[in-house]
Amino acid sequence: MKVWVYVEGKSDVNALSALWSNWKQKLREKGWGIHIIPLDNKSKYFENFGHRATEKLLNDSSDLVVGLPDLYPNQNYANTEYRHNNLKELQNVQNRLVNKSLSSEKKIREADVGSHMARFYASALKHDLEVLLLAATSQLQSRLKTQDKLRGWRLPPEDQNQNKPPKRIVEELFSKYRKGKSYNDVEDGPAILRNADLREVAEQCPAFRVMINWIGEKTKVPGY
C-alpha cells in the first residue's frame with residue numbers, strides 16, 4: 001500500500017522527506033510506503049498530473065494520491081484552463097484533471113469514478129514550500145544563527161500576501177542574518193525541517209494540516 005504525493009520540484013521532495021521522516025517510519029511499520037514525486041515545475045505539473053495520478057489510482061485499489069503543488073505563482077495561468085486565484089480554485093483544477101483523465105482517457109464508468117476519486121486528495125503548499133519554514137520558527141532561527149524574534153509575516157503563515165510569498169520572506173531573512181550566504185531551497189529547506197516537530201508545523205498551517213490528517217485517517221497512521 002502506498003501514498004503517492006505529487007509536488008512541483010526536487011526541493012519540495014527533500015524538504016517534505018526531512019519533515020516526514022518519523023512519520024514515514026511509522027507508516028512503513030504498518031505496511032504503508034509514502035513516495036513524493038516531483039513533476040519538475042508548475043506548468044509540467046498541470047500538464048502531467050492528471051494522467052500520472054490516474055495511473056496510480058488504477059494500478060492498486062489500496063493506494064492513495066495527493067496533489068501538493070505550490071499556490072504561488074499563479075498569474076501565468078490567468079488565461080488558461082488552469083486559472084486559480086486561491087487554494088479552493090487550485091484544488092478544483094486538480095480534481096478536474098484527475099476526473100477528466102479517469103472518465104475521458106481511461107474510460108472509467110461514471111458510476112465507478114467516485115470510488116477512485118475518494119482515494120485522491122487535492123491540496124497545495126500555500127503559497128510555497130517556505131511556508132513550512134516560517135512555521136518551524138526555532139529551527140529557522142537556528143539556521144539563521146540568531147536568537148532574534150523573527151517577524152515580518154502574517155499568522156498563520158499560509159495567509160501571507162501573494163505579493164510577498166513566504167519564499168521572499170525567507171530570502172530576506174537569510175540576506176539579513178546570513179550575510180554572504182543566500183537562501184538555497186534544496187539545501188536549507190531540509191536542514192530547517194529535519195528537526196522540526198510535524199505537529200507544531202501543521203498547527204500553524206491549516207491547509208497543510210488538513211492534508212496530513214486526511215492521509216492519517218486513510219492509512220490509520222496519524223502524522224503526530
Side-chain angles (χ1 to χ4, degrees), residues 1-9 12-13 16 20 23-24 27-28 30-129 131 158 162 202 205-223:
M1 299 180 292
K2 297 180 180 65
V3 183
W4 303 94
V5 181
Y6 285 93
V7 296
E8 289 184 20
D12 301 315
V13 176
L16 289 171
W20 290 350
W23 188 27
K24 289 174 71 175
L27 284 162
R28 279 195 294 269
K30 297 296 184 179
W32 283 93
I34 184 165
H35 302 272
I36 309 168
I37 312 297
L39 295 180
D40 294 334
N41 57 52
K42 195 165 187 173
S43 293
K44 289 187 177 180
Y45 182 96
F46 285 138
E47 291 171 11
N48 298 303
F49 177 66
H51 70 263
R52 292 287 296 271
T54 296
E55 287 174 354
K56 299 303 183 186
L57 291 172
L58 296 180
N59 185 57
D60 191 318
S61 61
S62 298
D63 286 2
L64 307 173
V65 176
V66 172
L68 200 65
D70 292 0
L71 176 58
Y72 178 91
N74 60 358
Q75 291 305 309
N76 292 344
Y77 307 98
N79 298 313
T80 74
E81 63 179 304
Y82 310 124
R83 179 180 180 274
H84 58 280
N85 292 310
N86 52 50
L87 173 61
K88 182 63 176 176
E89 291 179 359
L90 181 51
Q91 289 175 311
N92 289 341
V93 169
Q94 294 177 85
N95 279 315
R96 187 177 71 248
L97 290 172
V98 177
N99 199 308
K100 179 181 178 181
S101 181
L102 285 168
S103 351
S104 302
E105 297 174 15
K106 300 299 183 181
K107 309 300 181 184
I108 302 299
R109 296 185 309 163
E110 185 177 350
D112 297 327
V113 168
S115 62
H116 295 297
M117 291 297 292
R119 293 182 289 112
F120 168 64
Y121 185 77
S123 187
L125 287 167
K126 187 184 173 188
H127 297 268
D128 46 38
L129 163 67
V131 70
E158 286 183 334
Q162 285 218 48
C205 299
F208 186 72
R209 180 175 68 242
V210 172
M211 182 270 296
I212 295 291
N213 290 345
W214 183 86
I215 297 175
E217 290 167 4
K218 292 289 187 180
T219 61
K220 309 302 181 189
V221 184

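- When all heavy atoms of Ser123 and Gln94 are compared, the pair lying nearest together is O-NE2, 2.8 Å.
- Ring geometry for Phe120 versus Phe49: interplanar angle of 30 to 60°, hence tilted.
- Side-chain atoms of Leu102 and Leu58, non-hydrogen and from C-beta on, do get closer than 4.5 Å to each other.
- Inter-residue side-chain proximity for Gln162 and His127 is flagged as met; some heavy-atom pair is nearer than 4.5 Å.
- Atoms CD1 and CD1, from Ile34 and Ile215 in turn, are 4.5 Å apart once rounded to the nearest 0.5 Å.
- When atom types are taken as modelled, the side chain of Arg96 and the backbone of Glu81 share a donor-acceptor pair closer than 3.5 angstrom.
- What you find for Tyr45 and Pro69 is that their closest heavy atoms are OH-CD, 3.3 Å.
- For Lys107 (side chain) and Ser104 (main-chain N/O), a donor-acceptor pair under 3.5 Å exists by modelled atom type.
- Of all the heavy atoms in His116 and Asp112, the pair that sits closest is CD2-O, 3.2 Å.
- Atoms CD and CZ, from Glu158 and Arg209 in turn, are 8.5 Å apart once rounded to the nearest 0.5 Å.
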Tyr77 and Ser43: CA distance, side-chain angles, deciding distance, side-chain hydrogen bond (donor to acceptor under 3.5 Å, both in side chains) verdict: CA-CA 9 Å; Tyr77 307 98; Ser43 293; 2.9 Å; yes
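- In this structure a side-chain-to-backbone donor-acceptor pair under 3.5 Å is present from Asn48 to Lys44.
- Looking at Asp63, its side chain does come within 3.5 Å of a backbone N or O of Lys2 through a donor-acceptor pair.
- Atom OG in Ser101 sits 12.0 Å away from atom CZ in Arg52 (nearest 0.5 Å).
- Taking the side chain as every heavy atom from C-beta outward, Val98 and Leu57 approach each other to under 4.5 Å.
- For the atom pair NZ (Lys100) and OG1 (Thr54), the distance works out to 11.5 Å, reported to the nearest 0.5 Å.
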Full working for side chain to side chain contact (heavy atoms under 4.5 Å, CB included) between Asp12 and Ile36: CA-CA 8 Å; Asp12 301 315; Ile36 309 168; 5.8 Å; no
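- The two residues Thr219 and Trp32 come nearest to each other via the heavy atoms O-NE1, 3.5 Å.
- Taking 4.5 Å as the limit, every side-chain heavy atom of Lys30 sits out of range of all side-chain heavy atoms of Lys220.
- Residues Tyr82 and Lys42 are not in side-chain contact: their nearest non-hydrogen atoms beyond the backbone lie 4.5 Å or more apart.
- Taking CG of Asn74 as the start and CD of Glu89 as the end, the distance is 9.0 Å to the nearest 0.5 Å.
- The backbone N or O of Gly223 lies less than 3.5 Å from no partner atom in the side chain of Trp20, so there is not a single donor-acceptor pair.
- One finds the CZ atom of Phe208 at 7.0 Å from the CG atom of Leu68 (value rounded to the nearest 0.5 Å).
- At least one side-chain heavy atom of His84 sits less than 4.5 Å from a side-chain heavy atom of Leu71.
- Across all their heavy atoms, Phe46 and Leu97 have their closest contact at O-CD1, 3.8 Å.
- What you find for Tyr121 and Gln91 is that their closest heavy atoms are OH-NE2, 3.8 Å.
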